[in-house]
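One structure is given below, encoded as structure tokens.
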Amino acid sequence: MPGALVTRISREELAARIAADIPEGAYVNLGIGAPTLVANYLLADLEIILHTENGLLGMGPAPDAGLIDPDLINAGKQPVTALAGAAYFHHADSFGMMRGGHLDICVLGAFQVSATGDLANWSTGAPGAIPAVGGAMDLAIGAKDVFVMTDLLTKSGESKLVAECVYPLTGVGCVSRVYTDRAVFDVTGDGFRVRELFGGTTIDQLEQLIRLDLRNKD
Amino acid sequence: MPGALVTRISREELAARIAADIPEGAYVNLGIGAPTLVANYLLADLEIILHTENGLLGMGPAPDAGLIDPDLINAGKQPVTALAGAAYFHHADSFGMMRGGHLDICVLGAFQVSATGDLANWSTGAPGAIPAVGGAMDLAIGAKDVFVMTDLLTKSGESKLVAECVYPLTGVGCVSRVYTDRAVFDVTGDGFRVRELFGGTTIDQLEQLIRLDLRNKD
Amino acid sequence: MIDKTLPSTAAAVAGIEDGSTVMIGGFGRAGQPVELIDALIEQGAGDLTIVSNNAGNGDTGLAALLAKGRVRRMICSFPRQHDSWVFDGLYRAGEIELEIVPQGNLAERIRAAGAGIGAFFSPTGVGTELAGGKEERTIDGRRYVLEYPIRADIALISAYRGDRWGNLVYRETARNFGPIMAAAASTTVVQVDEVVELGALDPEAVVTPGIFVNRVVPVGSRPWVQGGAFVGGVDIEGRSCQVRS
Amino acid sequence: MIDKTLPSTAAAVAGIEDGSTVMIGGFGRAGQPVELIDALIEQGAGDLTIVSNNAGNGDTGLAALLAKGRVRRMICSFPRQHDSWVFDGLYRAGEIELEIVPQGNLAERIRAAGAGIGAFFSPTGVGTELAGGKEERTIDGRRYVLEYPIRADIALISAYRGDRWGNLVYRETARNFGPIMAAAASTTVVQVDEVVELGALDPEAVVTPGIFVNRVVPVGSRPWVQGGAFVGGVDIEGRSCQVRS
């Protein structure tokens, strides 16, 4: 497995790397799961406004242990807090905010991302699985920039960056950038392009791992 | 002019007559112009909730002279007050209330009403006139019951109840009842039917005035 | 005098018929009208279609209604949660129908019902299997699918405070689906922590005007909110927590 | 630190280009952002398309902008008022284009732009000349016409109080088109009576969250509202009135 030799960064390092790309003043939705980690690495002296689709802008960190308010939760149904400057709203307004293109960035996990920016992250299509989509499809098409946060390879070593998604789609042509443990990729009109390499990773190695061209052909 | 001999009631009496048909608890929009008079005749010990489409439920009467708040106006842009229990909302919510069928009654003026309940009240179609529709079309299709308040005849003696409207339509098949100075008419699947006669008016006289059948043919 | 308040949750859910479509507010446990659902279980209506974002948590509230076999069909965005074992069992046994709707389309379809919109073109779900069979159209270069309103016979929602005209305010993210479901149902039934005097709610801050509400029943404060103040909550495992100082 | 406040109305309207589509809030005079319109007149942009419910009153605000010949086209529901002589004159002289939209369709089309809806079927206007040429469809037995979003480059609105994140509250029926226009424009500019500290606005009562707002400029209290209290107004003829005791 060629990937085993390549330098990778940890999930926490990756969260910090994504956080570094989020400018002050951005309106940001962090998806359920690993993307939630990004919040821990936003610079404390920058004002970045977090949106949670269940009806809050200006979401703050988790409350101290023992100070949980069950009416105040995030989209993952975990207890959160609200910052000074927060606002509550109902679900139609909240998803209008997304669908209307008002969020600057959302960060989502992925099963697969295609070279044209298609995202698959809600269902593996496994028979017998109970389908559940939540806000994934709305987030995918809603934010100005959709960042994906994922390992480059699955546990069995298959690339999550693919020519075409095999898993059921969440959104078509919606991903702008993919942050992985080995490199950051931009989704361009001409497929994936490497934006940044982590550790000793080379573009040749990445091309071997994902079996897609990462360079212009001219 | 046969109509000249028939008993009529005054505009104020007509407003009182309409008010008497509005039950406690009804949500009601009173259109600009004569319908606004109806508010003066709602029974003071009944709670009837007035809607004004510029964003208020629980509209109260005009303020005392000298106590005008320019931020608190009705759809006719006249100063009003707000009752205890009032609520403010924006225009999309306000017109959603109408369009969604949540108002029980609206009372509108008319140029013409057709036997199938079409309403013409926003434009005479006169060349050179500046068109202006406001909320008329939304009100016409929005309320559960659309009451029209009008003189039966125009100043030149023509019936406002017609087989088919000549003036540009406000709404199709939307009027449920027409309150006139000579009679009250229900709009039925089979045309106008007299609900109530005022003074000495007879159905024969009405049929002569409006030149439409007012009786079942069987 | 208009008085939409009722003395009991039993009175509040009276008359719900077999085969009804019932919207149930809440996102997870926040805003879930548990006392009204308990009353609905007691009331006995069955063969229900339930519209709710999730499909119940643990063994209480919506999960308890499901466990009683009263629900024929769920319309929701996210039935599968860490504590949705009741729904999971019914679904795997083929004992319940499921329509999955992306959360924003669910919200907008409910909103459309209340606002008298016949259908709308949504960009959400385009090109996915959840748009399968739906009319698609490209407008100004963007692809959309046509989505239809979701209406209900009954909405059961939870709010924080209400008055006798049915005006409502909510609390924090427990607002979620309440305002749009209130407008989308023929009969809207609301449980509130507290009924306040008419005029006590700031008209600038009323979230659901009473025009959308038919019945209001006070169920008392939740354990974590008393008299309008946060007095300590429970975490997702149900352990009780301290008051914030 | 995010700070959307600006020191002057001139700074607030900087950069508005010739040919822009500009939404202007207000219903009649209530909520009309007169100070921002004055700044726009001074700024000089022309060939504008204006989206606003009315077409100006008297000789101030929107009417003054029209009088300067800066507006090519009006999209509104009700241009003809007792004091709309400026618009009336331009229209009769053929010097301005007019698109009349039923008020609820105007509001919903603006709302659709902000909410990312591609188009929607509305029952308003069906069978009338204002639906002429529009796609019609019968859904569940009711006739609808297809209406498209109205977007703008700039929205100029008036609110009561705002904070440096752009959160807004309004006052009474001056709220009208503000919240939906704020969401429908690429750049939203708001004049407020007062800028308050972040956190001073109740998060349950914020009507326009700051995500929809780009620039906030305080213009001081209106004559009839000072420090949050009603202190007397002017009637429609402009006569000053007493404070309510």
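What's counted below: heavy atoms across the whole structure, side chains too, no hydrogens, waters or symmetry copies. Labels below follow one simple rule: chain letters A, B, ... track the order of the sequence lines, proteins then strands, and each chain is numbered from 1.
- Distance check: B/Phe89 CZ to D/Asn176 CG gives 12.0 Å after rounding to the nearest 0.5 Å.
- D/Arg92 approaches B/Gly128 most closely through the heavy-atom pair NH1-O, 2.8 Å.
- Within the structure, the ring pair (Phe, Tyr, Trp, His ring centres under 6.0 Å) test picks out the following pairs touching residues 131-154 of chain B (sequence neighbours left out): B/Phe147-B/Tyr179.
- Using a 4.5 Å cut-off between non-hydrogen atoms, the part of residues 50-59 of chain B that approaches chain D consists of B/Glu53, B/Asn54, B/Gly55, B/Leu56.
- Applying the 6.0 Å contact sphere to CD of B/Glu164 captures no more than 12 heavy atoms from other residues, nucleotides or ligands.
- Between the CD atom in D/Glu172 and the CG atom in B/Leu72 there is a gap of 4.5 Å [rounded to 0.5 Å].
- Heavy atoms from other residues, nucleotides or ligands lying under 6.0 Å from CG of B/Asp45 number more than 12.
- The contact between D/Tyr91 and chain B is made entirely by side chain atoms (from C-beta outward), counting heavy-atom distances below 4.5 Å.
- Of the listed residues (D/Pro102, D/Gly127, D/Ala55), the one with the most heavy-atom contacts under 4.5 Å to chain B is D/Pro102.
- D/Arg137 CZ: more than 12 foreign heavy atoms inside a 6.0 Å radius.
- For D/Arg80, the parts sitting under 4.5 Å from any heavy atom of chain B are the backbone and the side chain alike.
- With a 4.5 angstrom heavy-atom cutoff, B/Asn74 touches chain D only via backbone atoms.
- Contacts between D/Ile110 and chain B at a heavy-atom distance below 4.5 Å are absent for every atom of the residue.
- When all heavy atoms of B/Ala75 and D/Phe27 are compared, the pair lying nearest together is O-CZ, 3.4 Å.
- Heavy atoms closer than 4.5 Å to chain B are found nowhere in D/Tyr160, neither backbone nor side chain.
- B/Pro131 approaches D/Pro79 most closely through the heavy-atom pair O-CG, 3.2 Å.
- Within residues 92-102 of chain B, the residues having any heavy atom closer than 4.5 Å to a heavy atom of chain D are B/Ala92, B/Phe95, B/Arg99, listed by residue number.
- With values rounded to the nearest 0.5 angstrom, B/Leu119 atom CG is found 11.0 Å from D/Thr128 atom OG1.
- Contact count versus chain B (heavy atoms, under 4.5 Å) is highest, among D/Arg175, D/Arg222, D/Arg111, for D/Arg175.
- Using a 4.5 Å cut-off between heavy atoms, D/Arg171 touches chain B through backbone and side chain atoms alike.
- Aromatic pair B/His90/D/Tyr170: ring centres not closer than 6.0 Å.
- By number of non-hydrogen pairs under 4.5 angstrom with chain D, the leading residue of B/Asp138, B/Leu139, B/Val172 is B/Asp138.
- With sequence neighbours excluded, no residue forms a salt bridge (charged side-chain N to carboxylate O under 4.0 Å, His left out) with D/Glu35.
- Contacts with chain B were tallied for D/Gly31, D/Pro123, D/Ser84, D/Cys76; D/Pro123 has the most, counting heavy-atom pairs under 4.5 Å.
- Heavy atoms closer than 4.5 Å to chain D are found in the backbone of B/Thr170, but not in its side chain.
- Evaluated for a side-chain contact (heavy atoms from CB on, under 4.5 Å) with B/Met137, the options D/Asn105, D/Leu130, D/Val101, D/Val126 yield exactly one hit, D/Leu130.
- Among the candidates D/Gly104, D/Ala107, D/Ala30, the residue making the largest number of heavy-atom pairs closer than 4.5 Å to chain B is D/Gly104.
- With a 4.5 angstrom heavy-atom cutoff, D/Arg109 does not touch chain B via any of its atoms.
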